[in-house]
Engineer: 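I have a structure here, written as structure tokens, and I will follow up with some questions on it.
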Amino acid sequence: MKNYIYTLFAVVFFHVSALATTTNNTDTVIINTYQEQYSVKPYIFAANANTNWHFSTETIKWLNKTTLKEITASDTLLINQWYVGKLIIKSAINIDLQLGLHLSNANIQEFYLPVSGVTRSTGSNITRYKNDELFSHSDIVSVPISANSITEIYFRFFSYEPIFVSPALYQLNYIQRVGSDREVDEFSSRSFFLGSFLLLLIISLIVVIFNRRRAYLYYSVYVLCVGFINSSFDSFFEVLSISGRYSFFVGELLGGLAWISYFLFIQNFLQTKRYFPPWHKIMNFIIVAVVVFVLMIIVLLGWQNDKMLYLKYRNAYTLLIFLLSLPIFIRFVFSKRQIAIIVG
């Protein structure tokens, strides 16, 4: 019995101690040593906000008086909902620091440091010339941390997609090393696809000019659409400073047009109406289905901006196109026409 009481007392003491430690540490991120990365996950808080919420003296006071909920890895954050909150960072180092801050993958993210007056924005829906991320598609922004002081960082974010909150602070040299390697790899792959795309497009256009068959015109449109999607698409939109929402919309639209032009090319090139009449009708049905899908893209992405509902329907659409297309190309493989076998 005595041993049982001691054991019970030890367990209770352990939990109370752990709770006290957690409570004392959840207020502030303490930086007292040089590290490439500092975990901020236990110290991030958030509260719901409406669309009109902006950083100001009044809203900061309101936020500090509000009971804020700590975000944990198991929390589910709603899409199409603004969230606001703050981070508190205490520096015990004698020099000023410039660190990289990553908060989440939300489409729109804004940060504000009232002491220094610094503001930062990032996210895939922030246009390129307004995006303060340190390297492309990283969602990492630079924040100044003063020596031997406490820095408060206020934020708000919004997303059309599932939100994954994974806050961390990084040393800039670490970010530059990782980011530069990533950008070199992306540039190499983009250059390869861009070169292949331009070569195919030039060849297709030459064939269109000298052959004048509609089949090659459809194929050129197909190559143009697929080329934009797979190679130079992101580069063109970065130059034009078009946000992620519209680049995704145009990318999906080009994908739909690519399907239409591809099946029109197959019909004309193989003369399916003459040699494969039943399959020609199925391809007509596929083309109509893709046209309906393109209209769905315009409505759900261009007008309503409901990406989640669109992705749900796109999965069904992709399965439908696959199930209808597969037997067609299998039929081409087992046909007696050599060119149809090659296409199949």
Side-chain angles (χ1 to χ4, degrees), residues 78-80 104-109 122-128 130-131 133 136-139 158-164 186 189-190 192-194 196-198 200-201 204 217-267 282-326 328-329:
L78 301 176
I79 61 173
N80 299 326
S104 71
N105 67 325
N107 298 134
I108 300 172
Q109 303 178 67
T122 189
S124 60
N125 277 46
I126 301 293
T127 54
R128 188 63 180 165
K130 290 183 178 180
N131 201 322
E133 61 188 2
S136 180
H137 309 303
S138 66
D139 292 325
F158 179 95
S159 188
Y160 300 103
E161 307 170 47
I163 305 169
F164 301 99
E186 286 186 357
S189 61
R190 281 188 187 181
F192 171 77
F193 282 111
L194 179 59
S196 304
F197 153 61
L198 291 176
L200 276 174
L201 182 61
S204 302
L217 176 61
Y218 293 138
Y219 185 74
S220 297
V221 174
Y222 167 72
V223 171
L224 183 64
C225 292
V226 174
F228 269 115
I229 294 170
N230 288 291
S231 60
S232 55
F233 183 71
D234 287 340
S235 302
F236 276 108
F237 274 76
E238 286 177 5
V239 171
L240 297 173
S241 297
I242 295 178
S243 70
R245 171 194 169 185
Y246 294 105
S247 62
F248 183 80
F249 165 69
V250 177
E252 296 299 298
L253 192 62
L254 288 174
L257 296 177
W259 273 110
I260 294 172
S261 58
Y262 182 70
F263 279 105
L264 288 173
F265 158 71
I266 293 295
Q267 285 182 327
I282 294 177
M283 279 192 278
N284 281 338
F285 177 80
I286 292 175
I287 292 170
V288 172
V290 176
V291 170
V292 173
F293 177 69
V294 168
L295 294 175
M296 187 184 76
I297 293 174
I298 295 172
V299 172
L300 292 182
L301 294 182
W303 181 35
Q304 295 184 2
N305 192 26
D306 194 335
K307 189 174 181 179
M308 294 303 297
L309 182 60
Y310 163 73
L311 291 174
K312 178 181 177 181
Y313 285 124
R314 187 179 70 172
N315 292 337
Y317 152 80
T318 305
L319 180 61
L320 173 66
I321 298 300
F322 172 76
L323 293 176
L324 291 174
S325 302
L326 185 60
I328 294 175
F329 289 99

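Values below: all heavy atoms of this structure, side chains included; hydrogens, waters and symmetry mates excluded. Throughout, residue positions are numbered sequentially from 1 according to the sequence presented.
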Engineer: Could you tell me the separation between the CD1 atom of I287 and the CD atom of Q267, rounded to the nearest 0.5 Å?
Structural biologist: 4.0 Å
Engineer: Give the ring-plane orientation class for Y262 versus F265, where under 30° counts as parallel, over 60° as perpendicular and anything between as tilted.
Structural biologist: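 Tilted: the ring planes of Y262 and F265 meet at 30° to 60°.
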Engineer: If I compare all heavy atoms of G123 with all of N131, which pair ends up nearest, and what's the gap?
Structural biologist: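 Looking at all heavy atoms of both residues, the closest pair is O-ND2, 3.1 Å.
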Engineer: Which heavy-atom pair separates N105 from P162 by the least distance, and what is that distance?
Structural biologist: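 Smallest heavy-atom distance, with atoms named: ND2-O, 3.2 Å.
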Engineer: What pairs with L326 under side chain to side chain contact (heavy atoms under 4.5 Å, CB included), at least two apart in sequence or on another chain?
Structural biologist: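 If we apply the side chain to side chain contact (heavy atoms under 4.5 Å, CB included) test to L326, skipping adjacent residues, the hits are F322, I330.
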Engineer: State, yes or no, whether a side-chain contact exists between I126 and E133 at a heavy-atom distance under 4.5 Å.
Structural biologist: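 A side-chain contact is absent here, since even the closest heavy-atom pair is not under 4.5 Å.
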Engineer: If the condition is side chain to side chain contact (heavy atoms under 4.5 Å, CB included), which residues does L320 pass it with, not counting sequence neighbours?
Structural biologist: L324
Engineer: Test of understanding: with ring pair (Phe, Tyr, Trp, His ring centres under 6.0 Å), list the residues that count as partners of F293, not counting sequence neighbours.
Structural biologist: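 If we apply the ring pair (Phe, Tyr, Trp, His ring centres under 6.0 Å) test to F293, skipping adjacent residues, the hits are Y310, Y317.
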Engineer: Name all residues meeting the side-chain hydrogen bond (donor to acceptor under 3.5 Å, both in side chains) criterion together with D139; count only those two or more places apart in sequence or in a different chain, and write none if there are none.
Structural biologist: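 With neighbours one apart ignored, the set is empty.
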Engineer: Apply side chain to side chain contact (heavy atoms under 4.5 Å, CB included) to N107 and list each qualifying residue two or more places apart in sequence or on a separate chain.
Structural biologist: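 Residues passing side chain to side chain contact (heavy atoms under 4.5 Å, CB included) with N107: S124, N125, S159, Y160, E161.
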Engineer: Sort and list the pairs that fulfil salt bridge (charged side-chain N to carboxylate O under 4.0 Å, His left out) and have at least one residue in residues 310-321, not counting sequence neighbours.
Structural biologist: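 Found E252-R314.
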Engineer: Quick one: list whatever passes side-chain hydrogen bond (donor to acceptor under 3.5 Å, both in side chains) with S325, sequence neighbours left out.
Structural biologist: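 None.
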Engineer: Decide yes or no on side-chain contact (heavy atoms from CB on, under 4.5 Å) for I286 and I328, but give the supporting numbers first.
Structural biologist: CA-CA 11 Å; I286 292 175; I328 294 175; 3.9 Å; yes
Engineer: Working to the nearest 0.5 Å, report the span between CH2 of W259 and CG of L264.
Structural biologist: 13.0 Å
Engineer: So, do I108 and T122 sit near enough that their side-chain heavy atoms are less than 4.5 Å apart?
Structural biologist: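 No. Closest side-chain heavy atoms not under 4.5 Å.
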Engineer: Evaluate the side-chain contact (heavy atoms from CB on, under 4.5 Å) criterion for residues F158 and N80: first the C-alpha distance (whole Å), next the side-chain angles of each, then the deciding distance (0.1 Å), finally the verdict.
Structural biologist: CA-CA 6 Å; F158 179 95; N80 299 326; 4.0 Å; yes
Engineer: Measure the CG-CG distance between L301 and L253 for me, rounded to the nearest 0.5 Å.
Structural biologist: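 Atom-to-atom, L301:CG and L253:CG are 9.5 Å apart.
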Engineer: Under the ring pair (Phe, Tyr, Trp, His ring centres under 6.0 Å) rule, collect the residues that match up with Y313, sequence neighbours excluded.
Structural biologist: none
Engineer: Go through the steps to decide whether L254 and L224 satisfy the test side-chain contact (heavy atoms from CB on, under 4.5 Å), and finish with yes or no.
Structural biologist: CA-CA 9 Å; L254 288 174; L224 183 64; over 6 Å; no
Engineer: Not counting sequence neighbours, which residues clear side chain to side chain contact (heavy atoms under 4.5 Å, CB included) with V221? List them please.
Structural biologist: C225, S261
